J.: 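Structure provided below as structure tokens; questions to follow.
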Amino acid sequence: MGSFSGVHTHFPSFNSFKPPSSISSSSFTQFTQFTQFTIPRHVRRIRCSVAEGPAAVSPSSESDNQQSVLDCLIVGAGISGLCIAQALATKHGNSNVMVTEARDRVGGNITTVERDGYLWEEGPNSFQPSDPMLTMAVDSGLKEELVLGDPNAPRFVLWNGKLRPVPSKLTDLPFFDLMSFPGKLRAGFGALGLRPPPPGREESVEEFVRRNLGSEVFERLIEPFCSGVYAGDPSKLSMKAAFGKVWKLEQNGGSIIGGSFKAIQEKSSTPKEPRDPRLPKPKGQTVGSFRKGLATLPNAISSSLGNKVKLSWRLKTITRLDNGRYSLTYETPNGMASLQCKSVVMTIPSYVASTILRPLSAVAADSLSKFYYPPVAAVTISYPKEAIRKDRLIDGELQGFGQLHPRSQGVETLGTIYSSSLFPNRAPSGRVLLLNYIGGATNTGITSKTEGQLVESVDRDLRKMLINSNAPDPLSLGVRLWPQAIPQFTVGHLDVLENARSALSNGGYNGLFLGGNYVSGVALGRCVEGAYDVAAEVTNYLSQYTYR
């Protein structure tokens, strides 16, 4: 659940196929490998958040005093909002910002808990260590706190009652039993371009994958992958919106392989910028976190921003002033407060932004209200090591990233992360810590279950494939239900988002930006990459603002 990203939701990465080194473009890799099986940082129940800067001013004290006017006011102190503020400061040298948050803590859906020798996540679980993600960590003073999973750790998919390894390298392809030989041939020929042509309309993930790679790839790899990243229904998710880099391969090269070759050629002909020497060099396809969990990052950014972050500030209204600035009114612990700023970034969930922006633009509000966030529960449980089936142990230990469960396999749990195997010091000696995700777009009934019933459902599923049938009951550490978890990038998503942006622009609300996981993508890493993009947009806008 990569994204229960950044959803502020993320499952750890589950690698699938790797292309030959000669065609191993990042675009091909994105599709042919399981990426983040995390609960998108993106599973939010927040209203809004804002980072703080200059002192708040009352509505009656509006003046032309430049010291009281913020360059940027960021609504929402989840990972997107905090990283935008951090990027403005570190990359663009602008610290005249404020971040406001309706809740009493930062981090959005990033929820790290430590108790009785256990450390677990109840929202996003990990991130892919891309350079933007590593840059954010290093700029936040967290280089020594980074931990990376073993890139050789196996990933598994449940098929026909057995957990089957997913190939992690090219030489694995002839031997893995998740797909049949005809299925492998169909996928190979399809990737080369021997498949039906595109239909001339926006395809769902299911339509694109079945057409290009065949039914086996879809049913045994991509369908569980979509459940892991989006907790979504691949028959409704948009290929263009949810997996745009892969979609572009066929558009640009006529096939997935053709597009990969073309991307490599273009990359090799473009001068490569030197990599920041401060950044660590991850080995292979892996996932990352911090020694004390994902909450380390938002807490570090918030600490560096200091009083520029305002907690328990609920945004009530936004007004565009005659001078082009914005005035935002908040309900705070100390009463009502008003702030003036040159630009605003809304990183709160789309359904919250819809309500706040309706007085400005009904069209934008209607568009933002269309995005769907299904419920997802994160169920963290522990068993003694002896409870693991012996055939699941490697050298006497439960090893691997975790497992994904296709909806066709008769289990309710979307997937399970081997938390105590993935990162160090997550459970006491002799214990196994498992993070399980359940619910999603195809199982919204979880909202009517009690915590005990959710644990029972997960335990029942695990005894079918991972846990001995006579094992003791699990130790239930945490059950977190996110009623509105991960935004679904369904067919038409990009058009709806563009309608909202255009409505704001056409209404004269320049300098009011939309951000967050429903814009950038649901994985934690995509939220960070999106934060750098928004910071650049804000900086460009402010440079133009100066000459008005």
Side-chain angles (χ1 to χ4, degrees), residues 2 13-36 128 151 154-155 157 159 164-226 228-230 234-235 237-270 284-285 404 406 408 489 491:
S13 300
F14 276 74
N15 291 347
S16 176
F17 297 111
K18 282 191 179 179
S21 58
S22 59
I23 58 170
S24 59
S25 73
S26 59
S27 299
F28 187 91
T29 303
Q30 178 198 13
F31 188 66
T32 58
Q33 297 179 353
F34 284 107
T35 58
Q36 282 186 298
Q128 285 189 307
R155 289 86 163 158
V157 168
W159 193 258
R164 303 172 190 269
V166 175
S168 60
K169 53 185 181 294
L170 187 61
T171 53
D172 292 341
L173 294 178
F175 307 106
F176 82 108
D177 65 352
L178 181 58
M179 289 175 57
S180 69
F181 182 71
K184 295 173 187 177
L185 284 180
R186 170 64 180 88
F189 285 129
L192 288 168
L194 299 176
R195 45 61 178 137
R201 56 173 172 77
E202 185 174 1
E203 288 181 284
S204 69
V205 171
E206 179 174 2
E207 291 172 327
F208 181 95
V209 176
R210 286 189 186 275
R211 180 174 61 81
N212 275 279
L213 301 173
S215 294
E216 284 195 21
V217 170
F218 171 73
E219 294 166 0
R220 306 182 190 192
L221 288 171
I222 304 307
E223 186 274 332
F225 173 57
C226 288
V229 174
Y230 284 92
S235 69
L237 290 175
S238 162
M239 189 67 200
K240 181 179 179 181
F243 304 104
K245 289 183 179 180
V246 180
W247 176 83
K248 288 179 182 177
L249 292 178
E250 184 185 30
Q251 296 293 309
N252 297 337
S255 68
I256 293 176
I257 296 294
S260 298
F261 275 120
K262 188 172 182 179
I264 290 172
Q265 292 172 346
E266 293 174 352
K267 186 176 181 180
S268 62
S269 63
T270 304
Q285 292 293 319
L404 289 168
S408 62
F489 282 46
V491 172

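Given the structure is predicted, the values throughout are model-derived calculations rather than measurements. Side-chain atoms are counted along with the backbone in the values below, which use heavy atoms only and exclude waters and symmetry mates.
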J.: With a 4.5 Å cut-off on side-chain heavy atoms, are Phe243 and Cys226 touching?
T.: yes
J.: The criterion is salt bridge (charged side-chain N to carboxylate O under 4.0 Å, His left out); which residues satisfy it with Arg211, sequence neighbours excluded?
T.: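 For Arg211, the residues satisfying salt bridge (charged side-chain N to carboxylate O under 4.0 Å, His left out) (neighbours in sequence not counted) are Glu203, Glu250.
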J.: Hey, does Glu223 have a side-chain heavy atom less than 4.5 Å from the side chain of Glu206?
T.: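 They are not in side-chain contact.
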J.: With sequence neighbours left out, write down each residue that passes side-chain hydrogen bond (donor to acceptor under 3.5 Å, both in side chains) with Ser408, or none if nothing qualifies.
T.: none
J.: Do Arg155 side-chain atoms and Val166 backbone N/O form a donor-acceptor pair below 3.5 Å?
T.: no
J.: Quick one: CD1 on Ile257 to CG on Leu194, what's the gap to the nearest 0.5 Å?
T.: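 Interatomic distance, Ile257 CD1 to Leu194 CG, rounded to 0.5 Å: 11.5 Å.
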J.: Quick check: do Pro406 and Glu219 have side-chain heavy atoms less than 4.5 Å from each other?
T.: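 A side-chain contact under 4.5 Å is absent here.
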J.: From Ile222 CD1 over to Leu237 CG, what is the distance, rounded to the nearest 0.5 angstrom?
T.: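 With rounding to 0.5 Å, CD1 (Ile222) is 12.0 Å from CG (Leu237).
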J.: Nearest heavy-atom pair of Met179 and Val217: which atoms, and what distance?
T.: CE-CG2, 3.6 Å
J.: For Phe176 and Pro167, work out which heavy atoms get closest and say how close.
T.: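 Residues Phe176 and Pro167, closest heavy atoms: CD1-CD, 3.5 Å.
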J.: Which atoms form the tightest heavy-atom contact between Leu192 and Ser255, and what is the distance?
T.: O-OG, 3.5 Å
J.: I need the minimum non-hydrogen distance between Ala241 and Phe489, along with the two atoms involved.
T.: O-CD2, 3.4 Å
J.: Report the residues that fulfil side chain to side chain contact (heavy atoms under 4.5 Å, CB included) with Leu185, sequence neighbours left out, ordered by chain and then residue number.
T.: Phe181, Phe189
J.: Search all heavy atoms of Val157 against all heavy atoms of Arg220 and return the closest pair with its distance.
T.: CG1-O, 3.4 Å
J.: With the side chain counted from C-beta on, respond yes when Glu216 and Lys184 share a heavy-atom pair under 4.5 Å apart, and no when they do not.
T.: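 Answer no - side chains too far apart.
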J.: Side chains of Phe208 and Ile256: does their closest heavy-atom pair fall under 4.5 Å?
T.: yes
J.: Can you check whether Trp159's main-chain N or O pairs, donor with acceptor, with Arg164's side chain at less than 3.5 Å?
T.: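 Confirmed, Arg164 side chain pairs with Trp159 backbone.
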J.: Is the closest side-chain heavy-atom distance between Arg210 and Ser215 below 4.5 Å?
T.: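 Yes, their side chains come closer than 4.5 Å.
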J.: Is there a side-chain contact (heavy atoms from CB on, under 4.5 Å) between Arg201 and Val491 once you walk through the steps?
T.: CA-CA 10 Å; Arg201 56 173 172 77; Val491 172; over 6 Å; no
